[in-house]
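Order of listing sets the numbers, starting from 1, for every ligand and every atom in it.
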Amino acid sequence: MSDQMPDIARNLADVKARIAAAAERVGRHAREVELIAVGKVQPDERVEAALLAGQRVFGENRVQEAKGKWPGFRETFDGIELHLIGPLQTNKVAEAVALFDIIQTVDRPKLAQALAKEMEKTGRRPGCLIQVNTGEEDQKAGILPADADAFIQECRAEFNLPIRGLMCIPPVDDEPSPHFALLREMARRHDLPVLSMGMSGDYELAVELGATHVRVGTAIFGARDYG
Ligand SMILES: *Cc1c(COP(=O)(O)O)cnc(C)c1O
(Lines give C-alpha, C1' and ligand atoms only; values in the text may rest on other atoms or scores of the structure.)
Protein backbone atom coordinates (compact mmCIF):
# COMPACT_ATOMS: atom_id res chain seq x y z
CA MET A 1 0.00 0.00 0.00
CA SER A 2 1.13 3.52 -0.58
CA ASP A 3 2.18 5.32 2.53
CA GLN A 4 1.30 8.76 3.77
CA MET A 5 1.33 11.68 1.40
CA PRO A 6 4.81 13.23 1.51
CA ASP A 7 5.18 16.98 1.99
CA ILE A 8 5.71 17.72 -1.66
CA ALA A 9 5.99 21.50 -1.38
CA ARG A 10 8.74 21.06 1.19
CA ASN A 11 10.52 18.42 -0.89
CA LEU A 12 10.43 20.70 -3.92
CA ALA A 13 11.85 23.59 -1.94
CA ASP A 14 14.58 21.34 -0.56
CA VAL A 15 15.58 20.00 -3.98
CA LYS A 16 15.65 23.53 -5.40
CA ALA A 17 17.83 24.74 -2.54
CA ARG A 18 20.25 21.86 -3.16
CA ILE A 19 20.34 22.66 -6.87
CA ALA A 20 21.11 26.30 -6.06
CA ALA A 21 23.87 25.31 -3.65
CA ALA A 22 25.42 22.90 -6.15
CA ALA A 23 25.29 25.54 -8.87
CA GLU A 24 26.92 28.07 -6.59
CA ARG A 25 29.77 25.69 -5.74
CA VAL A 26 30.88 25.79 -9.38
CA GLY A 27 30.08 29.42 -10.13
CA ARG A 28 26.80 28.75 -11.88
CA HIS A 29 23.42 30.27 -11.11
CA ALA A 30 20.34 28.32 -10.03
CA ARG A 31 18.32 29.73 -12.90
CA GLU A 32 20.60 27.93 -15.37
CA VAL A 33 19.15 24.65 -14.10
CA GLU A 34 15.61 23.47 -14.79
CA LEU A 35 14.07 21.02 -12.35
CA ILE A 36 11.96 18.39 -14.10
CA ALA A 37 9.62 16.69 -11.62
CA VAL A 38 9.20 13.05 -12.60
CA GLY A 39 5.71 11.99 -11.59
CA LYS A 40 5.60 8.59 -13.29
CA VAL A 41 3.54 5.96 -11.47
CA GLN A 42 2.74 8.48 -8.72
CA PRO A 43 -0.85 9.01 -7.59
CA ASP A 44 -2.47 12.04 -9.26
CA GLU A 45 -2.84 13.84 -5.94
CA ARG A 46 0.95 13.95 -5.54
CA VAL A 47 1.41 15.45 -8.97
CA GLU A 48 -1.38 17.91 -8.23
CA ALA A 49 0.35 18.89 -4.99
CA ALA A 50 3.47 19.74 -7.00
CA LEU A 51 1.38 21.81 -9.41
CA LEU A 52 -0.26 23.62 -6.50
CA ALA A 53 3.21 24.34 -5.11
CA GLY A 54 4.04 26.08 -8.39
CA GLN A 55 6.01 23.36 -10.20
CA ARG A 56 5.34 23.46 -13.95
CA VAL A 57 7.99 21.30 -15.62
CA PHE A 58 7.33 17.55 -15.49
CA GLY A 59 8.72 14.36 -16.98
CA GLU A 60 6.87 11.21 -17.93
CA ASN A 61 8.23 7.87 -19.09
CA ARG A 62 5.29 6.51 -20.97
CA VAL A 63 3.12 8.11 -23.62
CA GLN A 64 0.07 6.15 -22.47
CA GLU A 65 0.35 7.19 -18.84
CA ALA A 66 0.99 10.81 -19.77
CA LYS A 67 -2.06 10.82 -22.05
CA GLY A 68 -4.28 9.78 -19.19
CA LYS A 69 -2.94 12.40 -16.81
CA TRP A 70 -1.82 15.63 -18.45
CA PRO A 71 -4.64 16.85 -20.71
CA GLY A 72 -6.77 17.13 -17.55
CA PHE A 73 -4.10 18.96 -15.55
CA ARG A 74 -3.56 21.33 -18.49
CA GLU A 75 -7.19 22.40 -18.29
CA THR A 76 -6.64 23.50 -14.69
CA PHE A 77 -3.02 24.74 -14.66
CA ASP A 78 -1.36 27.13 -17.11
CA GLY A 79 2.20 26.96 -18.31
CA ILE A 80 2.84 23.23 -17.96
CA GLU A 81 5.92 21.96 -19.82
CA LEU A 82 5.99 18.23 -20.37
CA HIS A 83 9.09 16.18 -21.17
CA LEU A 84 9.12 12.62 -22.49
CA ILE A 85 12.01 10.89 -20.73
CA GLY A 86 11.21 7.24 -21.50
CA PRO A 87 11.78 5.17 -24.66
CA LEU A 88 9.55 6.06 -27.61
CA GLN A 89 8.14 3.47 -30.01
CA THR A 90 7.63 4.65 -33.58
CA ASN A 91 3.93 3.75 -33.42
CA LYS A 92 3.50 6.27 -30.58
CA VAL A 93 5.23 9.15 -32.36
CA ALA A 94 2.05 10.98 -33.36
CA GLU A 95 0.71 10.93 -29.80
CA ALA A 96 4.08 11.98 -28.40
CA VAL A 97 4.44 14.94 -30.76
CA ALA A 98 0.91 16.06 -29.88
CA LEU A 99 1.38 15.75 -26.12
CA PHE A 100 4.98 16.60 -25.20
CA ASP A 101 6.89 19.87 -25.34
CA ILE A 102 10.29 18.19 -25.26
CA ILE A 103 11.19 14.66 -26.38
CA GLN A 104 14.39 13.63 -24.61
CA THR A 105 14.80 10.13 -25.98
CA VAL A 106 15.61 10.37 -29.68
CA ASP A 107 18.07 7.50 -30.12
CA ARG A 108 17.86 5.88 -33.55
CA PRO A 109 17.45 6.88 -37.20
CA LYS A 110 14.09 5.17 -37.63
CA LEU A 111 12.65 7.17 -34.73
CA ALA A 112 14.25 10.40 -35.93
CA GLN A 113 12.72 9.87 -39.34
CA ALA A 114 9.26 9.15 -37.89
CA LEU A 115 9.47 12.30 -35.73
CA ALA A 116 10.53 14.39 -38.71
CA LYS A 117 7.61 13.10 -40.75
CA GLU A 118 5.09 13.79 -37.99
CA MET A 119 6.46 17.30 -37.40
CA GLU A 120 6.25 18.02 -41.11
CA LYS A 121 2.68 16.79 -41.20
CA THR A 122 1.41 18.66 -38.14
CA GLY A 123 3.67 21.71 -38.01
CA ARG A 124 4.16 21.00 -34.30
CA ARG A 125 7.86 20.86 -33.41
CA PRO A 126 8.65 19.83 -29.84
CA GLY A 127 12.30 20.31 -28.95
CA CYS A 128 14.34 17.11 -29.09
CA LEU A 129 17.23 15.71 -27.08
CA ILE A 130 19.35 12.78 -28.14
CA GLN A 131 19.68 10.04 -25.55
CA VAL A 132 23.21 8.67 -25.33
CA ASN A 133 23.82 5.23 -23.84
CA THR A 134 27.03 6.38 -22.15
CA GLY A 135 27.43 3.10 -20.25
CA GLU A 136 26.96 1.03 -23.43
CA GLU A 137 24.43 -1.15 -21.63
CA ASP A 138 22.65 -3.74 -23.78
CA GLN A 139 19.30 -3.29 -22.07
CA LYS A 140 19.35 0.48 -22.11
CA ALA A 141 18.00 2.81 -24.77
CA GLY A 142 20.21 5.47 -26.30
CA ILE A 143 22.64 5.80 -29.17
CA LEU A 144 26.10 4.37 -28.45
CA PRO A 145 28.79 7.01 -27.84
CA ALA A 146 30.76 5.84 -30.90
CA ASP A 147 27.74 6.46 -33.12
CA ALA A 148 26.53 9.63 -31.46
CA ASP A 149 28.47 12.25 -33.45
CA ALA A 150 27.20 10.95 -36.77
CA PHE A 151 23.67 10.53 -35.42
CA ILE A 152 23.52 14.07 -34.05
CA GLN A 153 24.57 15.40 -37.46
CA GLU A 154 22.08 13.18 -39.22
CA CYS A 155 19.24 14.38 -36.99
CA ARG A 156 20.06 17.97 -37.72
CA ALA A 157 21.09 17.91 -41.37
CA GLU A 158 19.04 15.10 -42.81
CA PHE A 159 15.92 15.09 -40.62
CA ASN A 160 15.93 18.78 -39.71
CA LEU A 161 14.86 17.97 -36.15
CA PRO A 162 14.97 20.75 -33.53
CA ILE A 163 17.82 19.14 -31.57
CA ARG A 164 18.50 21.11 -28.40
CA GLY A 165 20.82 18.84 -26.47
CA LEU A 166 21.68 15.48 -24.98
CA MET A 167 20.37 13.21 -22.24
CA CYS A 168 21.87 10.24 -20.41
CA ILE A 169 21.07 7.75 -17.64
CA PRO A 170 24.33 6.35 -16.21
CA PRO A 171 24.43 2.66 -15.20
CA VAL A 172 23.04 2.30 -11.67
CA ASP A 173 26.22 0.77 -10.28
CA ASP A 174 28.68 3.18 -11.88
CA GLU A 175 30.14 6.36 -10.52
CA PRO A 176 28.14 8.85 -12.60
CA SER A 177 30.80 11.58 -13.05
CA PRO A 178 32.55 10.14 -16.12
CA HIS A 179 29.17 9.68 -17.81
CA PHE A 180 28.15 13.26 -17.09
CA ALA A 181 31.55 14.51 -18.27
CA LEU A 182 31.31 12.49 -21.49
CA LEU A 183 27.86 13.90 -22.24
CA ARG A 184 28.99 17.42 -21.54
CA GLU A 185 31.99 17.13 -23.84
CA MET A 186 29.81 15.71 -26.60
CA ALA A 187 27.33 18.57 -26.25
CA ARG A 188 30.15 21.09 -26.33
CA ARG A 189 31.50 19.55 -29.53
CA HIS A 190 28.15 20.01 -31.22
CA ASP A 191 27.37 23.37 -29.69
CA LEU A 192 24.23 22.00 -28.01
CA PRO A 193 22.97 24.02 -25.02
CA VAL A 194 20.84 21.46 -23.16
CA LEU A 195 22.23 18.72 -20.91
CA SER A 196 19.62 16.53 -19.21
CA MET A 197 21.41 14.50 -16.55
CA GLY A 198 21.05 13.72 -12.87
CA MET A 199 18.26 11.99 -10.91
CA SER A 200 17.36 11.83 -7.21
CA GLY A 201 20.64 10.15 -6.26
CA ASP A 202 23.04 12.32 -8.21
CA TYR A 203 21.41 15.56 -9.37
CA GLU A 204 23.69 17.79 -7.29
CA LEU A 205 26.75 16.21 -8.87
CA ALA A 206 25.13 16.58 -12.29
CA VAL A 207 24.60 20.30 -11.66
CA GLU A 208 28.24 20.65 -10.67
CA LEU A 209 29.16 18.96 -13.95
CA GLY A 210 27.03 21.20 -16.12
CA ALA A 211 23.46 19.81 -16.19
CA THR A 212 20.90 22.29 -17.48
CA HIS A 213 18.01 19.92 -16.67
CA VAL A 214 17.80 17.45 -13.80
CA ARG A 215 15.07 14.79 -13.66
CA VAL A 216 13.99 14.17 -10.09
CA GLY A 217 11.24 11.78 -9.00
CA THR A 218 11.65 10.03 -5.66
CA ALA A 219 13.20 12.98 -3.83
CA ILE A 220 10.07 15.01 -4.59
CA PHE A 221 7.23 12.49 -4.64
CA GLY A 222 8.49 9.67 -2.44
CA ALA A 223 9.12 6.06 -3.47
CA ARG A 224 7.19 4.75 -6.44
CA ASP A 225 4.64 2.04 -5.71
CA TYR A 226 4.69 -0.39 -8.63
CA GLY A 227 2.41 -2.82 -6.83
C1 LIG B 1 12.28 7.59 -13.19
C2 LIG B 1 13.28 8.42 -13.92
C3 LIG B 1 13.87 9.52 -13.29
C4 LIG B 1 13.64 9.90 -11.85
O5 LIG B 1 14.24 8.96 -11.03
P6 LIG B 1 14.41 9.20 -9.42
O7 LIG B 1 15.56 8.36 -9.07
O8 LIG B 1 13.12 8.77 -8.82
O9 LIG B 1 14.66 10.65 -9.24
C10 LIG B 1 14.75 10.29 -14.04
N11 LIG B 1 15.03 10.01 -15.33
C12 LIG B 1 14.46 8.96 -15.96
C13 LIG B 1 14.80 8.71 -17.39
C14 LIG B 1 13.59 8.13 -15.29
O15 LIG B 1 13.07 7.08 -15.91
Side-chain angles (χ1 to χ4, degrees), residues 2-3 5-8 10-19 22 33-44 46-47 49-50 53 55 57-67 69-70 81-89 92 96 99-108 111 126-137 139-143 164-177 179-180 182-184 194-227:
S2 78
D3 45 2
M5 176 94 158
D7 187 341
I8 284 166
R10 199 190 58 194
N11 291 349
L12 272 168
D14 180 58
V15 169
K16 283 188 204 161
R18 286 166 183 271
I19 288 171
V33 184
E34 190 78 73
L35 170 60
I36 303 173
V38 180
K40 66 181 178 206
V41 195
Q42 299 285 357
D44 280 1
R46 295 191 186 187
V47 175
Q55 179 67 26
V57 184
F58 290 85
E60 287 285 349
N61 276 62
R62 302 171 65 97
V63 175
Q64 218 53 34
E65 187 184 346
K67 235 179 98 182
K69 201 188 283 188
W70 287 99
E81 181 179 301
L82 204 54
H83 292 237
L84 178 63
I85 61 171
L88 178 56
Q89 314 290 308
K92 295 270 167 61
L99 186 60
F100 289 94
D101 302 295
I102 303 282
I103 295 173
Q104 295 207 359
T105 50
V106 181
D107 69 349
R108 56 198 192 280
L111 174 60
C128 293
L129 308 187
I130 289 168
Q131 181 177 357
V132 183
N133 185 355
T134 57
E136 306 183 25
E137 296 171 281
Q139 80 283 10
K140 198 163 273 174
I143 189 91
R164 308 254 191 273
L166 306 177
M167 177 271 218
C168 76
I169 311 169
V172 276
D173 295 325
D174 270 20
E175 217 277 288
S177 305
H179 299 274
F180 295 159
L182 178 81
L183 202 71
R184 179 188 192 162
V194 174
L195 271 179
S196 171
M197 55 193 201
M199 310 179 16
S200 288
D202 54 19
Y203 67 90
E204 292 159 275
L205 179 64
V207 169
E208 289 179 17
L209 292 172
T212 63
H213 291 65
V214 293
R215 310 174 307 263
V216 180
T218 321
I220 296 169
F221 295 110
R224 287 180 285 274
D225 183 356
Y226 287 96

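In summary, R62 and E65 do not engage in a salt bridge, as defined by a charged side-chain N under 4.0 Å from a carboxylate O. A salt bridge is defined here as a Lys NZ or Arg NE, NH1 or NH2 lying under 4.0 Å from an Asp or Glu carboxylate O, and R10 with D14 fails to meet this definition.
At a cut-off of 3.5 Å, with distance as the only test, a side-chain donor of Q104 or H83 sits close to an acceptor on the other residue. Checking S196 against H213 by side-chain atom types alone, no donor-acceptor pair falls below 3.5 Å.
R224 counts as a contact of ligand 1, since one of its heavy atoms falls under 4.0 Å from the ligand.
If you number the atoms of ligand 1 from 1 as listed, the ones under 4.0 Å from a heavy atom of I169 come out as 13 (C). Atoms of ligand 1 found under 4.0 Å from any heavy atom of S200, numbered from 1 in the order shown, are 6 (P), 7 (O), 8 (O), 9 (O). Against a heavy-atom cut-off of under 4.0 Å, N61 is close to the following atoms of ligand 1: 14 (C), 15 (O).
Under 4.0 Å from ligand 1, heavy atoms of T218 appear from its side chain as well as its backbone.
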### Query
Could you walk me through whether E60 and K40 pass the salt bridge (charged side-chain N to carboxylate O under 4.0 Å, His left out) check?
CA-CA 5 Å; E60 287 285 349; K40 66 181 178 206; over 6 Å; no
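Counting only non-hydrogen atoms, the option in K40, M199, Q131 that gets closest to atom 14 (C) of ligand 1 is K40. Of the candidates Q104, R215, Q42, E60, the one placing a heavy atom closest to atom 11 (N) of ligand 1 is R215.
The shortest distance between side-chain heavy atoms of L35 and Y203 does not fall below 4.5 Å.
Distances between N or O atoms of V216 and those of ligand 1 include no value under 3.5 Å.
Ranking protein heavy atoms by distance to atom 12 (C) of ligand 1, first place goes to I85 CD1, 3.5 Å.
Considering every non-hydrogen atom in both L99 and L82, the closest pair reads O-CD2, 4.0 Å.
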